[in-house]
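The block underneath contains the structure these notes are about, expressed in structure tokens.
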Amino acid sequence: MREIRIRDTMTGELRRLDQDREVGIYACGPTVYSRIHIGNARPYVIFSLLARFLKSEGYRARLAINVTDINDKIYSAASAAGVDSADLAAEMTAAYFEDTGRLGLGRPDAEPLATGMIGPIIELIETLVENGHAYESGGDVYFSVRGFEGYGKLSHRPTDEMEQGEDDAGSLKRDRLDFALWKGQKAGEDTSWDSPWGPGRPGWHIECSAMAEAELGELPFAIHGGGSDLVFPHHENEVAQSEAARGRPLATIWMHNGMIETDASKMSKSEGNIFQLSEALDRFGPEAVVSYLIAGHYRQPIAFGEDQLNEAVARVDRLRNFFRSRAGAEEGGADGPGPGAGSEASEALEAFRDALADDFNTPRAMSVAFDLVRKANQQEVPGAGAAVREMLDLVGLGSVAASGGDGPGSEALELLEQREAARTDRDFDRADEIRDRLADLGWEVRDSADGASLVPRPGR
RNA sequence: GGCGCCUUGGCGGAGUGGCUACGCAGCGGCCUGCAAAGCCGUUUACACCGGUUCGACUCCGGCAGGCGCCUCCA
């Protein structure tokens with residue numbers, strides 16, 4: 001079990017993960033009022049892979065990624081489209097599951113919906129009202145920010161500078177810093193739940209505090225994650241309300257991923273500069289999308305563009321070629337024996353894991369993988385195939401090591417033999433003609449010192 | 001205006017007080033009947049100005065530019 005360190009947004013320091021406790025990870029998922037864009041996919045990929053790595057190291061990791069299916073945005077989007085807001089949320093939730101499922105990373109251990117957590121949310125609000133940290137006002141319930149010492153400690157800002165960004169017109173708040181925990185039903189809102197304060201719905205921030213606690217148990221859990229744009233006010237408010245209710249911190253480590261940018265500005269639905277995940281998957285494939293998302297350190301912003309995705313495709317092709325050229329090799333293939341202790345391949349695998357253990361440095365890890373690929377392409381490195389496959393499995397790219405589909409049929413094999421014969425006769429026109437026919441059948445010819453072989457053509 | 005982050009070779013992108021990141025693209029070469037794949041080589045890389053140091057891309061100060069949050073947002 002490796003010592004794993006993650007940079008914490010609140011302290012700015014690298015913090016070790018507790019090896020003795022369950023490592024609970026909660027990451028904020030999307031608000032489902034439209035199909036998710038590739039920026040939403042970044043935390044999904046990062047935290048899914050982090051949990052996978054932790055489990056492989058022997059940590060008892062549990063990952064929860066929520067779906068925010070109650071939100072102002074959903075009401076307005078549904079209203080604009082002339083559909084029922086619950087229907088829109090359900091439809092977009094299904095689309096979210098489908099789109100993220102196509103990434104091939106499996107599902108988180110828990111995926112709570114806000115609509116399925118109304119009970120715990122109301123209980124949490126009641127606790128805050130009872131202990132004086134929240135107050136009811138005209139059917140709404142607000143959190144009293146100035147009553148919580150330490151507000152601002154996550155985002156590091158002085159409280160007097162802050163705004164909650166809520167509509168303060170005719171406000172029922174006692175203080176402009178306060179934020180809503182419960183919002184009474186308003187005219188035109190077609191979905192509501194009963195509560196001790198009348199019909200209404202929970203505020204965004206309290207949803208996450210309640211869901212995290214419900215899924216991960218006693219506070220604090222190990223890691224709370226999400227996009228860096230959520231630090232304030234969303235996560236700052238979570239910190240305040242959970243700690244005020246429970247007397248304990250919500251999470252030990254706050255881990256935030258950087259934004260995806262187009263034209264040097266953040267990709268967001270409100271900017272209208274979005275690129276949907278499903279479109280990226282259609283055009284570049286899941287491996288390239290994952291490769292793209294792990295090419296930079298998770299905390300850094302990354303640029304989005306066709307060039308970046310095409311580069312990711314090229315990287316994946318290089319890895320795929322590595323395995324194709326080794327298919328069937330006894331010692332070095334993907335299914336070959338694992339690297340022996342102390343071997344070059346074994347040391348590379350350790351270096352790969354070390355990079356991930358050091359604040360989840362995926363680009364450094366990938367450089368180790370590519371380094372081993374190059375060395376094994378130069379000359380046989382025992383166990384390299386299995387080592388690289390294990391590396392790629394860890395970052396969700398294991399499928400590039402798969403042998404991939406059915407082998408060539410008898411017709412293709414017959415043609416390959418005919419081509420060999422033609423080459424022996426140095427009838428190269430005939431050989432090329434046969435190669436074209438094989439291409440039509442979906443097979444690409446690879447000549448090597450050991451004789452020709454067939455590999456599936458890309459996109460087949 | 002407040003808080004924080006960033007600035008690396010043609011491009012993307014790690015990292016370190018002194019030792020080749022890695023990938024993509026270009027060019028040259030090797031291999032090959034031709035390709036593909038692969039291998040090798042390759043264009044003074046660390047925004048700018050000072051300081052600390054035997055030595056800084058790496059630490060400190062400053063300047064410039066960019067970005068994020070401060071409004072829903074992964």
Between [N] and [X], is there an OP1 or OP2 to side-chain N/O distance shorter than 4.0 Å?
X	N	value
A/N377	B/rG38	no
A/R318	B/rC39	yes
A/Q300	B/rC5	no
A/R374	B/rC22	yes

If the [atom1] atom of [N] is compared with that of [M], how far apart are they to the nearest Å?
N	M	atom1	value
B/rG13	B/rC46	C1'	13 Å
B/rU42	B/rA47	P	23 Å
B/rC11	B/rU43	C1'	14 Å
B/rG2	B/rA45	P	38 Å
B/rC49	B/rC63	C1'	7 Å
B/rU16	B/rG10	C1'	25 Å
B/rU8	B/rC67	P	14 Å
B/rA56	B/rC19	P	12 Å

Whole angstrom value for the distance that separates [atom2] of [N] from [atom1] of [X]:
X	N	atom1	atom2	result
A/Q308	B/rG12	CD	P	7 Å
A/K375	B/rC40	NZ	P	11 Å
A/Y292	B/rC11	OH	P	18 Å
A/L438	B/rA35	CG	P	20 Å
A/D99	B/rA74	CG	C1'	15 Å
A/R315	B/rG13	CZ	P	10 Å
A/L14	B/rG15	CG	P	11 Å
A/R446	B/rC39	CZ	P	13 Å

* Should the pair A/Y96 and A/Y44 be assigned to parallel (<30°), tilted (30 to 60°) or perpendicular (>60°) ring geometry? ->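 Geometry flag for A/Y44 against A/Y96: perpendicular rings.
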
* Anything under 30° is parallel, anything over 60° is perpendicular, the rest tilted; go ahead and classify A/F179 against A/H205. =>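 Rings of A/F179 and A/H205: perpendicular, over 60°.
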
Check every strand shown and say whether [X] touches a base, only sugar-phosphate, or nothing at a heavy-atom separation below 4.0 Å.
X	result
A/G258	base
A/G226	sugar-phosphate
A/V445	base
A/F428	base
A/R7	nothing
A/H297	sugar-phosphate
A/D307	nothing

* Asked: Regarding A/D190 and A/Y75, is there a side-chain donor-to-acceptor distance under 3.5 Å anywhere?
  ->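 Note: A/D190 and A/Y75 side chains miss the donor-acceptor criterion.
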
* Asked: Can you find a side-chain donor-acceptor pair between A/R299 and A/S228 that sits under 3.5 Å?
  ->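 On atom types as modelled, these side chains do not qualify, holding no pair under 3.5 Å.
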
* Decide yes or no on side chain to side chain contact (heavy atoms under 4.5 Å, CB included) for A/E207 and A/N66, but give the supporting numbers first. => CA-CA 9 Å; A/E207 293 174 9; A/N66 76 292; 5.5 Å; no

Pairing partner (Watson-Crick or G-U wobble, both distances under 3.5 angstrom) of [N]:
N	result
B/rG68	B/rC3
B/rG23	B/rC11
B/rA45	none
B/rU16	none
B/rG50	B/rC60
B/rG28	B/rC40

Between [options], which nucleotide has the shortest distance from any of its atoms to the side chain of [X]?
X	options	value
A/F232	B/rC69, B/rC34, B/rC3	B/rC69
A/S228	B/rG23, B/rG68, B/rA74	B/rG68
A/Q378	B/rC40, B/rC72, B/rC70	B/rC40
A/R426	B/rG33, B/rC67, B/rC3	B/rG33
A/P363	B/rG13, B/rC3, B/rC22	B/rG13
A/R157	B/rC34, B/rC72, B/rG2	B/rG2
A/P233	B/rA37, B/rG13, B/rC72	B/rC72
A/D432	B/rC34, B/rC22, B/rG15	B/rC34

* **Chi angles and distances behind the side chain to side chain contact (heavy atoms under 4.5 Å, CB included) call for A/V289, A/L277** => CA-CA 9 Å; A/V289 171; A/L277 174 59; 4.1 Å; yes

So does [X] reach the base of [N] with its side chain, donor to acceptor, closer than 3.5 Å?
X	N	value
A/E311	B/rG12	no
A/R299	B/rC5	no
A/R423	B/rC34	no

* Any chance the rings of A/F275 and A/H37 have centres within less than 6.0 Å? ->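 Not close enough - the centres of the two rings lie 6.0 Å or further apart.
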
* Please test A/Q241 against A/I206 for side chain to side chain contact (heavy atoms under 4.5 Å, CB included), starting from the C-alpha separation and ending with a verdict. => CA-CA 7 Å; A/Q241 66 206 179; A/I206 199 74; 3.6 Å; yes

* Where each residue is assigned the nucleotide of RNA chain B containing its nearest heavy atom, which of A/R42 and A/A314 is assigned the position nearer the 5′ end? ->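 In this pair, the answer is A/A314.
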
* To do: Would you kindly compare A/N361 and A/R435 by the position of their nearest RNA chain B nucleotide and give the one closer to the 5′ end?
  =>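 It is A/N361, whose closest nucleotide lies nearer the 5' terminus.
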
* Other residues, nucleotides, ligands: >12 heavy atoms within 6.0 Å of A/R374 CZ ->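 It does: A/R374 CZ has more than 12 such atoms within range.
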
